[in-house]
Amino acid sequence: FCSFQVPGGHVYRGTFVHSTQQAPLQILEDALLGVDTEGKIAFIGKGAELDRLSKTFGFSPPDITQLEQHEFFMPGMVDTHIHASQYSYAGTALDMPLLQWLNTYTFPVESRFKDLGFAHRVYTQVVKRTLRNGTTTACYFATIHTDASLLLGQIANDFGQRALVGKVCMDRNNSVKHYKETNQESQEETCRFIAELLGKKYPLVKPVVTPRFAPSCTGVLLGQLGEIAKNNNLHIQSHISENAEEVKLVNELFPESESYTDVYHKYNLLTDKTVMAHGCYLSDEELALFRETGASLSHCLCLHVWIDLTHPVCVCGAASDVAGGYSASMLDAVRRALDSSKVLTIQDPEHETLSFEEVFRLATLGGSQALSLDDQTGNFEVGKDFDALRVNVAAPGGPIDLIQCDGPKVGDDRNIVEVFVAGRKVVPFTE
């Protein structure tokens, strides 16, 4: 980062809002932030340091992009659990418990993704929508179809989204028999998916080993996937303890295991690069196992009405959980979490209500930590990629009426006027 005269380097001045390890919300007023030609944060300092910074980094005042009075930058949001293949029916089909919902709605729809034309339409829509909503990083479940899963990776790359993409693995499905693989197919196709996606050398898109959840996988397949992840040093994602009926089923299918968490642990699927969605019924012993292995939990905030952030368990991130969650907006997810937390406090005054600062961190830095990507994104630190949302609370057509000038606030997705990933502006779209 020698000079801002080189195309691609930028300096911004204004208000920046982010989280740190010490503070769930930190507001930096009249700050200067420089982004180098590779999209990484080169410096961040106070406006009063303009002379020193400009001499050190070789830029002049005309090079600075000045934010308007009602604008600020915040980190891009991180969705730690989203089913890209379920986006076509998001907001519908919410009338059944989990296992019946999967058999009635999810598996029949996901089986359609062998049609690459259908997959292209849905995946293009979900990537564009999540980016518009401010999701700069997404951890995606695709389907069992390798070519369609590779297509999702390509689309995320083309639109500039940071993504972990998982080809779903499942060799057990007695309810919808045409939507499953053999053990050999799942293993071989997972290896093909990983090799081809890594071979593309996409800068921001990586594979994630994805057993759907323990009830849809045999122990043999879980063990093979654990080995694949270990041998390739890959991320792992799955579901755990979302529904009481599901937990009971796991106990029946894996009687030799002490708990749902122990199933994954036995097959080497709990690592410091693992993120498990839900965790609603985990015992203290299971949570301790998460902490011991370094695995993370993804809280699907539109679904869960209780989150214990005080438990010394592990790193937690936030998620939309489309289509179990009705909206692909992380702002919707954190709002729902706050509403649910307030209801619980009304019912039980001893319940500690979530604050907006805490859910802000869950949706940004917490998400990057849960995905083991916090060395790259999550907040505004020197050396990290500039994944950021430019927010204008006075945006035309936005939902906020400003009565007085107070601190930064976010209305809804309409207030996000620009989205940057690794320093590149990806929204508004250039197409």
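Here the structure is a predicted model, which means the values were calculated and not measured.
Checked by atom type, the side-chain pair T345/T353 shows a donor-acceptor distance below 3.5 Å. In the model, K200 has no side-chain atom that pairs as donor or acceptor with a side-chain atom of N157 under 3.5 Å. A donor and an acceptor atom, one from each side chain of T210 and Q237, are located under 3.5 Å apart. When only modelled atom types and interatomic distance are considered, Y202 and D158 share no side-chain donor-acceptor pair under 3.5 Å. Under the 3.5 Å distance criterion, with hydrogens and angles disregarded, a donor-acceptor pair is assigned to the side chains of D79 and S320. In the model, Y89 has a side-chain atom that pairs as donor or acceptor with a side-chain atom of T106 under 3.5 Å. For the residue pair H81 and D321, a side-chain donor N or O sits within less than 3.5 Å of a side-chain acceptor on the partner.
Between the side chain of K40 and the main chain of V35, no donor-acceptor pair closer than 3.5 Å is present. Checked by atom type and distance alone, the side chain of E286 never pairs as donor or acceptor with a backbone atom of L282 at under 3.5 Å. Of the possible polar contacts, none joining the H235 side chain to the T274 backbone as a donor-acceptor pair under 3.5 Å is found. At least one donor-acceptor pair closer than 3.5 Å links the side chain of T80 to the backbone N or O of A318.
Remark: A328 pairs with Y87, R129, T130, N133, V322 by the side-chain contact (heavy atoms from CB on, under 4.5 Å) rule, at least two apart or across chains. Scored by the side-chain hydrogen bond (donor to acceptor under 3.5 Å, both in side chains) test, R112 finds no partners at all (sequence neighbours excluded). The side-chain hydrogen bond (donor to acceptor under 3.5 Å, both in side chains) check on T364 picks up nothing, with sequence neighbours excluded.
Within 6.0 Å of CD on Q26 lie more than 12 heavy atoms contributed by other residues, nucleotides or ligands. For K206, the NZ atom sits in a packed shell: over 12 heavy atoms of surrounding residues, nucleotides or ligands are nearer than 6.0 Å.
Note: E196 CD to C191 SG = 11.5 Å, rounded to the nearest 0.5 Å. For the atom pair OG1 of T136 and CG of L389, the computed distance is 6.5 Å after rounding to the nearest 0.5 Å.
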**OP:** Evaluate the salt bridge (charged side-chain N to carboxylate O under 4.0 Å, His left out) criterion for residues D147 and R192: first the C-alpha distance (whole Å), next the side-chain angles of each, then the deciding distance (0.1 Å), finally the verdict.
**Re:** CA-CA 10 Å; D147 291 335; R192 178 167 80 88; 3.2 Å; yes
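Residues F420 and H10 keep their aromatic ring centres 6.0 Å or farther apart. Remark: aromatic rings of Y264 and Y260 are close, center separation under 6.0 Å. When ring centroids are compared, Y123 and F113 come within the 6.0 Å threshold. Between F43 and F57, a ring centre-to-centre spacing shorter than 6.0 Å is recorded.
For E189 and K167, the salt-bridge test fails: no basic side-chain N is under 4.0 Å from an acidic carboxylate O. With salt bridges taken as basic N to acidic carboxylate O contacts below 4.0 Å, none links K46 and E49. A salt bridge links R13 with D30: the closest approach of a Lys/Arg side-chain nitrogen to an acidic carboxylate oxygen falls below 4.0 angstrom.
Considering all non-hydrogen atoms of both residues, S296 and F290 come closest at O-CE2, 3.6 Å. Among all heavy-atom pairs drawn from H145 and Y179, the shortest one is CE1-CE1, 3.9 Å.
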